[in-house]
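One structure below.
Basis for what follows: all heavy atoms, side chains included, without hydrogens, waters or symmetry-related copies.
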Amino acid sequence: MTEHEHVRVAVIGSGFGGLGAAVRLRREGITDFVVLERAGAVGGTWRDNSYPGCACDVPSHLYSFSFAPNPEWPRTFSGQEHIRAYLEHVADVFRLRPHLRFDSEVKMMTWDAQKLRWGIETSSGYLTADVVVSATGPLSDPKIPHIPGIDTFTGKVFHSARWDHDYDLRGKRVAMIGTGASAIQIVPAIQPDVARLTLFQRTPPWVMPRVDRAISGAERWLHRKLPFTTQARRGLLWGIRELQVQAFTKRPNELGMVERLAKRNIARAVKDPALREKLTPDYRIGCKRILLSNAYYPALTRPNVDVVASGLAEIDGSALVAADGTRAEADAIVFGTGFHVTDMPIAECVVGADGRTLAQAWESGMKSLRGATAAGFPNWMTIIGPNTGLGNSSMILMIESQLNYMADFVRQLDVLGGRAALDARPAAVDAWNDRVQERMKRTVWNTGGCTSWYLDANGVNTTVWPGTTAEFRSATRRVDLAEYEVLRAPEPAAGPGAAPEPRTRSTREKKVEADA
């Protein structure tokens with residue numbers, strides 16, 4: 001029998017979720033794990049999104065691990081290059097490099113009910129694992145809508161998350177499709193250089209000023225010398241956002257004052273009444289994610305910018321035609337149309353205990369237990385799973401809560417001993433999901449009058465968490481074994497002459513042999 005590698009835990013992805021999982025495993029004393037990464041470097045969405053102007057809309061000191069504070073953040077809202085450098089730093093400081101397997105895209109993961117382990121086919125080989133932690137993230141696979149005639153377009157086409165840095169936009173006619181978080185950063189970054197910029201806007205976003213500034217040398221010195229000041233800064237940022245949650249989740253009408261401030265922001269920057277009307281949303285602020293920019297509205301008032309208040313309907317050669325009939329010539333199309341969030345492609349690659357893929361199990365909508373585990377998929381966990389997203393705070397807070405749950409999940413397997421697996425009970429998954437959806441009914445995301453990427457094809461919000469990050473941390477502090485079925489491996493056939501079951505050596509065993 002051909003020998004293959006076996007590990008205790010296989011982590012999929014090396015963004016914040018994957019690297020966080022790796023650090024936590026090491027802190028739990030587990031070193032027999034690998035991190036499978038389809039690209040050639042760590043960073044996840046902060047590696048893939050390198051478009052002009054790319055930056056985070058969460059303050060830097062909150063958008064970082066609590067166990068890896070960074071006193072050297074250069075700005076209150078950091079750019080993509082600084083966040084990616086931070087993740088590289090985490091990989092180095094916590095000695096994660098030996099566990100990283102680059103250029104190892106997962107093709108299929110199949111549960112073996114006899115051996116209670118996962119078989120994992122990757123682009124670089126095959127391995128097995130007792131536990132799989134999927135940390136691919138919801139913002140990893142770009143979504144480009146099917147536009148009739150796109151094959152006839154004579155120019156350049158790319159998604160914001162796959163920016164073509166070899167293509168020079170200077171002096172070109174560029175069409176920007178979409179008005180989400182990426183688009184409002186791209187538009188002001190490229191507007192000064194392009195000949196003409198046409199923005200196809202299906203729905204205008206609410207945009208608030210971005211209170212960004214350089215962090216002074218004195219502040220960084222203070223954070224280096226007195227680490228508790230970094231913790232205090234992070235705690236203040238967290239507390240403010242926790243207080244805001246009630247308006248989003250229980251009392252959306254309280255967002256009216258914020259909406260008036262947003263309208264004033266439009267009025268200050270956009271003097272043309274016709275353009276101002278195009279840019280003013282007709283839904284409650286917060287229903288879609290509130291975006292932050294000081295440059296977006298001013299860029300739209302420039303002479304070389306056209307705003308088409310209609311979605312792109314078709315393409316005819318070099319001409320783009322909107323749903324309202326507006327035509328625009330373009331040399332390049334940039335799609336800022338988001339990602340496969342409620343239909344994550346990784347779900348097609350996970351085959352559970354009954355032979356169904358996770359995508360098939362989630363055909364009627366994503367459902368999980370505490371945002372982490374799915375019925376019928378033993379010893380499989382996801383980081384940033386269903387209903388763990390946030391509308392106003394840092395996803396790192398949610399990731400760290402899920403890492404607590406992951407750590408206790410592995411501990412429970414150790415306590416059970418022998419060859420064991422935990423499979424979420426369908427009743428527990430349904431009960432958790434029912435509670436989440438009941439709370440979701442009065443949130444601004446469900447009542448605000450918009451159609452957002454938070455909603456799946458059935459109009460169900462399977463993306464956002466309808467509570468505070470503190471509530472989620474409490475709910476994921478421990479694994480409740482009553483919510484799981486404990487699986488045991490079948491006893492091997494006994495009797496004289498029975499051959500022992502072939503086994504594979506773990507990474508740890510191979511290293512011990514190599515060092516001997």
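Ring centroid separation for the pair Trp73 and Tyr86 comes in under the 6.0 Å cut-off. Less than 6.0 angstrom separates the ring centroid of Phe158 from the ring centroid of Trp163. Taking the six-membered ring for Trp, Phe77 and His61 have ring centres at least 6.0 Å apart.
With respect to the salt-bridge test (charged N to carboxylate O, under 4.0 angstrom), the residues Arg101 and Glu37 do not qualify. A salt bridge is defined here as a Lys NZ or Arg NE, NH1 or NH2 lying under 4.0 Å from an Asp or Glu carboxylate O, and Glu348 with Lys107 fails to meet this definition. Classification of Asp141 and Arg162 as a salt-bridged pair fails, no side-chain N sitting under 4.0 Å from a carboxylate O. Classification of Glu438 and Arg435 as a salt-bridged pair fails, no side-chain N sitting under 4.0 Å from a carboxylate O. Taking 4.0 Å as the cut-off between side-chain N and carboxylate O, Glu88 and Arg97 count as a salt-bridged pair.
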Could you give me the CA-CA distance, side-chain angles and deciding distance for Lys156 and Asp164, then say whether salt bridge (Lys or Arg N to Asp or Glu O under 4.0 Å) is met?
CA-CA 9 Å; Lys156 188 72 176 179; Asp164 188 341; 2.7 Å; yes
Can you list the steps and then say if Arg251 with Glu254 is a salt bridge (Lys or Arg N to Asp or Glu O under 4.0 Å)?
CA-CA 6 Å; Arg251 296 186 288 273; Glu254 292 184 358; 2.7 Å; yes
Please report the C-alpha distance between Asp212 and Arg75 in whole Å, then the side-chain angles of each, then the deciding distance to 0.1 Å, and finally whether the side chain to side chain contact (heavy atoms under 4.5 Å, CB included) criterion is met.
CA-CA 7 Å; Asp212 186 27; Arg75 302 194 66 83; 3.0 Å; yes
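If you check the side chains of Asp92 and His89, you find no donor sitting under 3.5 Å from an acceptor. Between the side chains of Trp238 and Thr469, at least one donor N or O lies within less than 3.5 Å of an accepting N or O. Side-chain polar atoms of Gln80 and Asn49 form no donor-acceptor pair below 3.5 angstrom. The closest side-chain donor-acceptor pair between Thr468 and Glu471 falls under 3.5 angstrom. A donor and an acceptor atom, one from each side chain of Ser104 and Thr122, are nowhere located under 3.5 Å apart.
Here the rule is salt bridge (charged side-chain N to carboxylate O under 4.0 Å, His left out) with Asp331, and of Arg170, Lys172, Arg173, Arg196 only Arg173 fits it. For the pairing with Ile315, the side chain to side chain contact (heavy atoms under 4.5 Å, CB included) check across Val157, Thr154, Ile147 returns one residue only, Ile147.
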